[in-house]
Undergrad: 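Got a structure for you, written out below as structure tokens; questions coming shortly.
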Amino acid sequence: MIELRNVVKEYGGKRVVDDVSFTVGRGQFCVLVGSSGSGKSTTLKLVNRLVPLTSGAIRVGGEDIAQVPPEALRRRIGYAIQSIGLFPHWSVERNIATVPRLLKWPEARIAERVRDLMALVRLEEEHRRKYPHQLSGGQQQRVGLARALAADPEVLLMDEPLGALDPITRQALADELARIHAATGKTILFVTHDMDEALRLADIVAILHDGQLVQFGSPRDILEHPAGDFVRDLVGRSEAGLKLLALSPVSERLRRGEISAGEPVDPALSLRDALAQMILRRADRLPVADAEGGVAGSVLLADLVR
Amino acid sequence: MSGPRNPVLLGLTVAAAVAIAATGFVGEAPNRLVSGRPIALWDAVDGPTLACIAALGLALAAAAFLRQSRRLLGMTIVGAAGLLLLLLYGAGEAATSLAVGASPAARTSLGPAFWIASLCAALAIIDALQRLDARPLLRLMVALAAIGLIGVMAAHGLFDSLSIMREYAIRRASFAAEFGRHCALVFGALVPAVAIGVPLGLLAARRPRRRAGIFSALNLLQTIPSVAMFGLLIAPLSALAVSVPALGAIGVRGIGAAPAVVALVLYSLLPVVRNTETGIAAVDPAVIETAIGMGMTPRQIFWRIELPLGLPVFLAGLRIVMVQAIGLAVVAALVGAGGLGSFVFQGLGQYAIDLILLGALPTIFLALAADFAMRLLITLAARRRSP
């Protein structure tokens, strides 16, 4: 869906993005990770032509972006940024309707779309006619997300959209984002400097360093086979194992029929959280609940390190 | 109770009382050129009027010691407005009674006590409106009610014997013409100032490298004294009219409206350009970035985002320009452009204070009205903005 081929961006002779190539498949959630100055934001902005390419080629939906007028291209690509950039003189409703209005949708269709989107991002109907400054930071970013999704774009670009939020709101919105991705099946290119956020959200992770792509792979891939010391540092040397555990749910290591004492845990609980429970309960095994509220089996400490 | 709750109101009533006690309310002169004999308020007006003024003054002073509830502030506005109207009524009454049996050349002019007490009453109204945090509509209604009542008093001939109105009566026809000319000069300057200033402001906002050059040129213009500016334009405009006869034919000459309008435009450019630039530059860069990212064209970004967001700052610049141009247009009378300034300079030439006031008071009124109207517009344009 998004295809970068030998992409280069130079500013005054300095290569900010240096020969980057990767492909994001339809419906994939791809996270670009790197420290500041790694070129991750620039790479993102190359895709909707906010930043012009120096050389190389980018295709979106199979079409070379250089062949599409920039305004037309941007109207089919959703865009959300850290500082949100809501239009302060427009109501929530009008903000969300920005791109549909640019595309001259009929009023009735716009109104219906706004209602659906507000439900999707879980904004109460009462906020519809409010102005951005009357909302909390988390609510504002929900509006920003709804605005990015408004014209049903094939691709979403998100530049640290959770960066300015407090940790609790951030966690909640990350979960929402995962849910929305699952519900809409959009192809998402997402920039963050937070490796944990990347590992939690991504189907596929692109790690950038000094403008170069140092690794491109699934979260498991990156944890199990880090490409060099830079990636090893980024995933946290000592914690990499725990992060790996966090990627899988308890249900994957379930031993059916094994009986254990105590309160059963949710089968969707991550293995990392299961380990934490064992430590708290001073136990080497946990009972796991089934869908009917009974006990399906157990998860064993020995199985976690298998 | 420890001291006044509203020291401003108390100060104003005391100042008004001192002025009334120490200075003349009206002045009586045998003709318009000599300075008059001051007549105190209690000698100038009838008993009932005096009693009403004293009672209202005492009531306002007492109100300064009470808790400033919304109701009390509302009553303060009504009381101060009543006092203002009573002072005007008293002045008209004094002039009418002094005119009985006096020679037609005799003049009754307004004295310091009248001006100071009226100013104090007006300030008390403004202070109370501010304390009320009154909405623009309420302020507009208070202003219109005061103007309306003064108009009714004038229509009944109450002020006809006052010297300023006698000067007006002599020049009734030319007053209307010069008033209209004054407004025409101001608007004739505002339109080109906006037409030139807005593009320049946009250029300064878009091309930071041009910014410094534009602003140093405009700042230099602003430092030229107005009398010199009007004078300096005479020679080049005369030359222009001679060399391009078509311009001469449409009225471009070294003296008259042409140098006045050109000078007013030049003075107006800096505020227009600066506030256009500030208004555009103050828009959050993140807002512009998302507007581009959503696929808006530069034209759509200007009309839908930058213009509405920059409008309050731009209008603030326009307010400065209007008030400034109304004042400066007085000086334009020196180069033969006419306007209310012609009364001021005639009055100066004849040492006739009332003739000067006939030019100056409407100018002040115009400036206040323009300021008020623009503030109202700015409040409306800035509604719903994030703080």
Side-chain angles (χ1 to χ4, degrees), chain A residues 41 44-45 47-51 68-92 94-104 129-135 140-141 143-145 147-151 153 156-161 163-164, chain B residues 133 135-136 198 201-202 205-209 275-319 374-387:
Chain A
S41 275
L44 186 85
K45 288 175 185 174
V47 177
N48 65 357
R49 294 183 64 183
L50 276 182
V51 173
V68 187
E71 280 84 19
L73 176 76
R74 291 169 194 147
R75 287 173 196 176
R76 37 181 262 226
I77 298 180
Y79 187 55
I81 60 173
Q82 174 173 352
S83 34
I84 309 172
L86 293 182
F87 304 127
H89 56 309
W90 286 357
S91 64
V92 164
R94 184 101 196 267
N95 263 287
I96 295 175
T98 304
V99 183
R101 267 177 206 280
L102 289 174
L103 295 171
K104 301 196 166 56
R129 297 197 186 283
K130 284 190 182 167
Y131 285 82
H133 70 273
Q134 296 169 302
L135 304 177
Q140 288 184 22
Q141 194 52 277
V143 177
L145 194 57
R147 185 175 63 170
L149 287 163
L156 264 184
L157 303 180
M158 317 190 86
D159 193 352
E160 304 214 28
Chain B
D133 198 15
R135 271 183 294 184
V198 169
L202 290 176
R206 302 264 189 258
R207 303 260 184 283
R209 257 180 277 166
N275 285 52
T276 304
E277 194 263 347
T278 312
I280 298 292
V283 177
D284 184 354
V287 167
I288 301 296
E289 193 197 319
T290 44
I292 301 172
M294 299 280 123
M296 286 197 197
T297 61
R299 185 182 292 262
Q300 287 168 333
I301 292 172
F302 176 74
W303 287 106
R304 298 184 190 192
I305 310 296
E306 290 175 315
L307 184 79
L309 287 178
L311 198 60
V313 183
F314 170 76
L315 288 177
L318 206 58
R319 181 176 72 83
M374 289 305 293
R375 280 180 196 276
L376 199 69
L377 264 182
I378 292 165
T379 316
L380 293 178
R383 256 187 334 184
R384 298 162 169 173
R385 273 324 124 65
S386 50

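Below, chains carry the letters A, B, ... as their sequence lines are ordered, and counting in each starts from 1.
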Undergrad: Sort and list the pairs that fulfil salt bridge (Lys or Arg N to Asp or Glu O under 4.0 Å) and have at least one residue in residues 70-81 of chain A, not counting sequence neighbours.
TA: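 Sorted pair list: E63(A)-R76(A), R76(A)-E154(A).
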Undergrad: For the atom pair CZ (R101(A)) and CE (M294(B)), what is the distance rounded to the nearest 0.5 Å?
TA: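 Here the interatomic distance stands at 14.5 Å.
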Undergrad: Counting only heavy atoms closer than 4.5 Å, note whether L86(A) contacts chain B via side chain, backbone, both or neither.
TA: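 The backbone, not the side chain.
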Undergrad: As an exercise, state the distance from OG1 of T290(B) to CG of N95(A), rounded to the nearest 0.5 Å.
TA: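 Answer rounded to 0.5 Å: 8.5 Å.
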Undergrad: Go through the steps to decide whether K45(A) and E289(B) satisfy the test side-chain contact (heavy atoms from CB on, under 4.5 Å), and finish with yes or no.
TA: CA-CA 11 Å; K45(A) 288 175 185 174; E289(B) 193 197 319; 3.4 Å; yes
Undergrad: Of all the residues in residues 278-288 of chain B, which have a heavy atom that comes within less than 4.5 Å of a heavy atom in chain A?
TA: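 The residues closer than 4.5 Å to chain A, in numerical order, are A286(B), V287(B).
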Undergrad: I'd like to know whether L102(A) forms a side-chain contact (heavy atoms from CB on, under 4.5 Å) with R304(B), so could you lay out the CA-CA distance, the side-chain angles of the two residues, the decisive distance to 0.1 Å, and finally the verdict.
TA: CA-CA 11 Å; L102(A) 289 174; R304(B) 298 184 190 192; 3.5 Å; yes
Undergrad: Take a 6.0 Å sphere around CZ of R206(B) and say whether it holds more than 12 heavy atoms from other residues, nucleotides or ligands.
TA: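 Yes, the 6.0 Å shell around CZ holds more than 12 heavy atoms from other groups.
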Undergrad: What part of L73(A) is in contact with chain B, defined as an atom under 4.5 angstrom from a non-hydrogen atom: side chain, backbone, both or neither?
TA: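 For L73(A), no heavy atom lies under 4.5 Å from chain B.
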Undergrad: R375(B): which residues meet the salt bridge (Lys or Arg N to Asp or Glu O under 4.0 Å) condition with it, sequence neighbours left out?
TA: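 Partners of R375(B) under the salt bridge (Lys or Arg N to Asp or Glu O under 4.0 Å) test: D371(B).
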Undergrad: Does any backbone or side-chain atom of I84(A) lie under 4.5 Å from a heavy atom of chain B? Answer side chain, backbone, both or neither.
TA: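 Interface part for I84(A): backbone (N, CA, C, O).
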Undergrad: Is there any ring-ring contact (aromatic ring centres under 6.0 Å, His included) pair reaching into residues 68-87 of chain A, and which pairs are they, with sequence neighbours excluded?
TA: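 Sorted pair list: F87(A)-W90(A).
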